[in-house]
Each structure stands twice: as structure tokens, then as C-alpha cells.
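First comes the structure, then the notes that go with it.
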Amino acid sequence: MTEEIQQLKQLLSFPKEITIVTHRNPDGDAIGSSMGLAGYLQKLHHNVKVIFPSEYPAGYGFVQGVQRAIVFDLDQNAARQAIEKCDVIFCLDFNGLDRVDKLGESIQFSKAKKVLIDHHLDPEPFTDIEFSDTAASSTCELVFKVIDEMGDRAKIDAATGECLFTGLITDTGSFRYGTRPYTYEVAAALKEIGVDDYRLADKIFNSQKVKHLRLLGHCLANRMEIMDDYGVGIMWLTRKDYTDFDIQRGDTEGIVNYMLMIENIKVAAFILEQPSIIKISLRSKGDISVQEIAQKYFNGGGHKNASGGGVYASLKDIKDKVRKVMPEYLPKLNK
Ligand code: 5GP
Ligand code: MN
């Protein structure tokens with residue numbers, strides 16, 4: 001048993017007040033790992049609260065317990081109180097306090113024991129017990145691993161398993177990238193427990209609104225530029241697009257990946273002109289690290305092949321910047 005597991009066992013040896021926090025704009029892995037861990041901790045008779053810094057996409061409403069989560073943006077007092085009053089804070093699927101907005105301060109100054117479970121590069125040292133593994137497909141995979149190493153695999157029921165399987169599906173693009181042999185072991189174990197993975201895939205992928213497909217069509221038809229010489233796809237949405245297409249949180253998720261379906265495209269950049277900030281999503285194939293690009297130029301980070309950032313600048317400036325920096329990272333293609 002590792003030292004971390006021993007420490008965690010001790011920490012959880014009698015019922016505690018526990019708060020689970022994940023990153024802003026929670027995705028399938030953030031939501032699934034939080035609700036999955038909550039399900040497990042409740043089995044150990046802890047009192048558990050889950051906090052999301054901002055709202056979760058409505059499509060994830062099917063995840064067990066998600067409706068009871070506290071959303072900081074909607075109820076700051078409840079979120080702050082949960083953090084102030086708890087004994088243990090689990091920080092899931094993020095690697096630095098700037099990923100949870102103003103909650104970062106509350107976490108930093110809280111006297112609670114803090115536990116990190118995360119798979120992002122370069123975690124900051126803000127927790128007491130760290131389960132950081134950048135080779136893991138997802139935080140859900142790591143939550144399973146931690147529970148298993150605690151000797152508690154039998155405490156994962158089908159509903160909790162479905163939470164964890166959700167992150168496996170979403171962070172690997174349905175097992176197309178980011179996997180290792182252990183990822184499939186976890187998937188197999190969860191299916192054995194009774195997870196209905198077909199139902200989950202249907203819930204996750206076939207629950208789009210008409211407006212989502214229209215938005216995707218708009219992006220592909222009118223908002224895409226290909227840098228043929230370097231194998232880069234650039235896409236963007238303007239502030240007006242946000243109004244015209246009634247874009248809500250989560251509605252743009254996944255669109256950036258479409259550019260990687262084009263032959264020879266190695267890097268995809270999706271630039272979003274949000275009310276006060278320009279957000280950028282970067283994706284790559286193979287050895288090109290968009291994490292480096294996000295960190296160096298766009299005030300962000302993430303994973304080698306999937307990163308993001310945010311900058312205060314104009315849409316035009318960021319488009320120009322992307323066009324300018326890509327040749328530093330990609331060889332010119334012979335045609
Ligand atoms: P997305 O492009 O889907 O928003 O994010 C992809 C990955 O990049 C996520 O795993 C997330 O952790 C990371 N990421 C996105 N935005 C930011 C950001 O503003 N700062 C940092 N450090 N990471 C980000
Ligand atoms: Mn993740």
C-alpha cells in the first residue's frame with residue numbers, strides 16, 4: 001500500500017464532512033469523477049457536498065446526484081460555507097487554484113485536509129495528499145484506482161460506476177485517444193459491476209438539440225480556415241454568433257475536434273469571443289504539445305494533446321497570433 005493510500009485511509013477512517021471541488025466549466029470527466037467519488041464516500045458514511053465553480057452542461061443532468069451539486073456562480077454562500085465547514089476537500093480534475101476561480105482563495109485558506117486526484121501536467125503543490133498521474137486517461141480512471149487500492153472495489157455500485165464510466169468515455173473520445181492498458185481494465189471492471197455503457201454513450205452523444213447541429217454546421221461552413229502549409233485548422237465564433245445561435249455554456253464542447261478529421265491536420269485551434277475574454281481550445285495529434293503553446297501564448301495549459309487558455313485581447317489579434325506561432329511548432333508541409 002502506498003503512503004498516500006495509507007494517509008487517505010486514516011483520513012477517511014471515521015465519518016467526516018467532505019467537500020468535492022472540480023474545475024470551472026465542468027466536463028464529463030469533472031462531473032463523473034466528482035459524482036462517482038461522492039457515491040463511494042457516501043457508502044463510507046461521510047457527509048459529502050459537491051461544488052462546481054460554474055454551471056454544468058444540461059446534457060449531463062443524467063449523472064447520479066448532479067442535481068444536488070452546489071454551483072458557486074449561482075450560490076456563492078452555500079459554496080463558501082461548504083468549504084469553510086468541512087474536514088476534507090477533494091480537488092478533482094484540476095491542477096491549480098486558478099482553475100476554480102474565486103473558490104481558489106477559500107480552498108487555499110481552508111484548514112481542511114486537501115486531497116488532489118488529477119491527470120493534468122504540472123500540478124501545483126496546494127494539497128496535502130496528491131494522486132497525480134498524467135498517464136491516466138481521465139480523473140475517473142484515477143478515482144477508480146484510488147478506491148480499488150483502498151480495497152473498496154466492492155463499494156462501487158452500478159450507479160457510481162456509471163459516473164466513472166462517463167469520464168472514461170468523454171476524456172478518451174470514446175476510447176480513441178489517451179488510453180493505456182489499465183484504462184480498459186477499469187472499463188471492463190465497471191462493465192462487470194453492471195454499468196450500461198451503451199445507455200451512457202447514447203445519453204452523452206445523442207442528446208443534442210437542433211441548435212447544436214446548426215451551430216456545428218455554421219462553424220464548419222463559415223468559421224473555419226485551414227493553414228494548408230502547416231496542417232493547422234482554425235475556427236472561431238464571434239460575440240454576435242453567441243447571440244445569433246443562443247450559445248450557452250457547453251454548447252461549443254467537442255466542435256474543435258472536427259478539424260482533426262481533416263487529412264494532414266495536426267493541430268486545431270478554436271477561438272471563442274466571449275463577453276470579456278477570448279477563450280481558446282487547442283487540440284493536437286501525436287508529438288506536438290499544445291500544452292506548451294497554451295502555456296506560452298494563451299495563459300493556459302492542460303494536456304499535451306488537449307489544452308486551453310484565456311486572454312484579454314481582440315478576436316483578430318488572437319487569430320493573427322495563432323497564424324503566427326503555429327509555424328514554430330509544425331514543419332512546413334511539402335506539397
Ligand atoms: P477545453 O479546450 O476543452 O476548454 O480544455 C481542454 C483542456 O485544457 C482541459 O483539460 C483543461 O484542463 C485545459 N484548459 C482549458 N482552459 C484552460 C485555461 O484557461 N487554463 C489552463 N491552465 N488550462 C485550461
Ligand atoms: Mn479530465
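The structure presented is a predicted model; accordingly, all values stated were derived computationally and were not measured. Atoms within a ligand are numbered from 1 in the order they appear, just like the ligands themselves.
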Aromatic centroids of Tyr56 and Phe52 separated by under 6.0 Å: yes
NE2 (His119) to the Mn ion (ligand 2) to OD2 (Asp171): angle, nearest 10 degrees? 90°
For Lys285, look at atom NZ and say whether over 12 heavy atoms of other residues, nucleotides or ligands are found less than 6.0 Å away. yes
Can you name the atoms of ligand 1, numbered from 1 with element, that are less than 4.0 Å from a heavy atom of His303? 10 (O)
Closest protein heavy atom (residue, atom, distance) for atom 15 (C) of ligand 1: Gly308 CA, 3.4 Å
Counting non-hydrogen protein atoms only, what is the nearest one to atom 20 (N) of ligand 1? Give residue, atom name and distance. Gly300 CA, 3.5 Å
Under 3.5 Å between any N/O of Leu282 and any N/O of ligand 1: does that happen in this structure? no
Mind checking whether His23 contacts ligand 1 via backbone (N, CA, C, O), side chain (CB onward), both or neither, at a 4.0 Å heavy-atom cut-off? neither
Between Ile280 and ligand 1, does any nitrogen or oxygen pair lie at a separation below 3.5 Å? no
Does NZ in Lys211 sit with more than 12 non-hydrogen atoms of other residues, nucleotides or ligands closer than 6.0 Å? yes
Take a 6.0 Å sphere around CD of Glu328 and say whether it holds more than 12 heavy atoms from other residues, nucleotides or ligands. yes
Asp98 to ligand 1: N or O pair under 3.5 Å? no
Ligand 1 contacted by Gln291 (non-hydrogen, < 4.0 Å): no
Would one find more than 12 heavy atoms of other residues, nucleotides or ligands at under 6.0 Å from atom NZ of Lys113? no
Rounded to 10°, how many degrees is the angle OD1/Asp93-the Mn ion (ligand 2)-OD2/Asp29? 90°
Phe245 ring centre to Lys209 NZ or CZ under 6.0 Å, with the angle to the axis within 45°? no
With heavy atoms only and a cut-off of under 4.0 Å, state how His120 meets ligand 1: side chain, backbone, both or neither. side chain
Atom 11 (C) of ligand 1 sits nearest the protein heavy atom Arg99 NH2, 3.3 Å
How far is atom 7 (C) of ligand 1 from the closest protein heavy atom, and which atom is that? Ala306 O, 3.5 Å
Testing Met224, Arg323, Met326 one by one against Ile234 for a side chain to side chain contact (heavy atoms under 4.5 Å, CB included), which residue passes? Arg323
Which ligand 1 atoms are under 4.0 Å away from a heavy-atom of Gly302? 8 (O), 13 (C)
So does Lys319 have more than 12 non-hydrogen atoms from other groups sitting under 6.0 Å from NZ? yes
Counting heavy atoms not belonging to Lys85, are there more than 12 under 6.0 Å from its NZ? no
Polar side-chain atom of Asp101 near backbone of Leu103 as donor-acceptor pair, under 3.5 Å: no
Are there over 12 heavy-atom neighbours, none belonging to Gln76, within less than 6.0 Å of that residue's CD? yes
Starting from atom 21 (C) of ligand 1, find the nearest protein heavy-atom neighbour and note its residue, name and distance. Gly301 N, 3.3 Å
Min heavy-atom dist Arg283 to ligand 1 below 4.0 Å: yes
Distance to 0.1 Å, residue and atom name: give those for the protein heavy atom nearest to atom 2 (O) of ligand 1. Ser281 OG, 2.6 Å
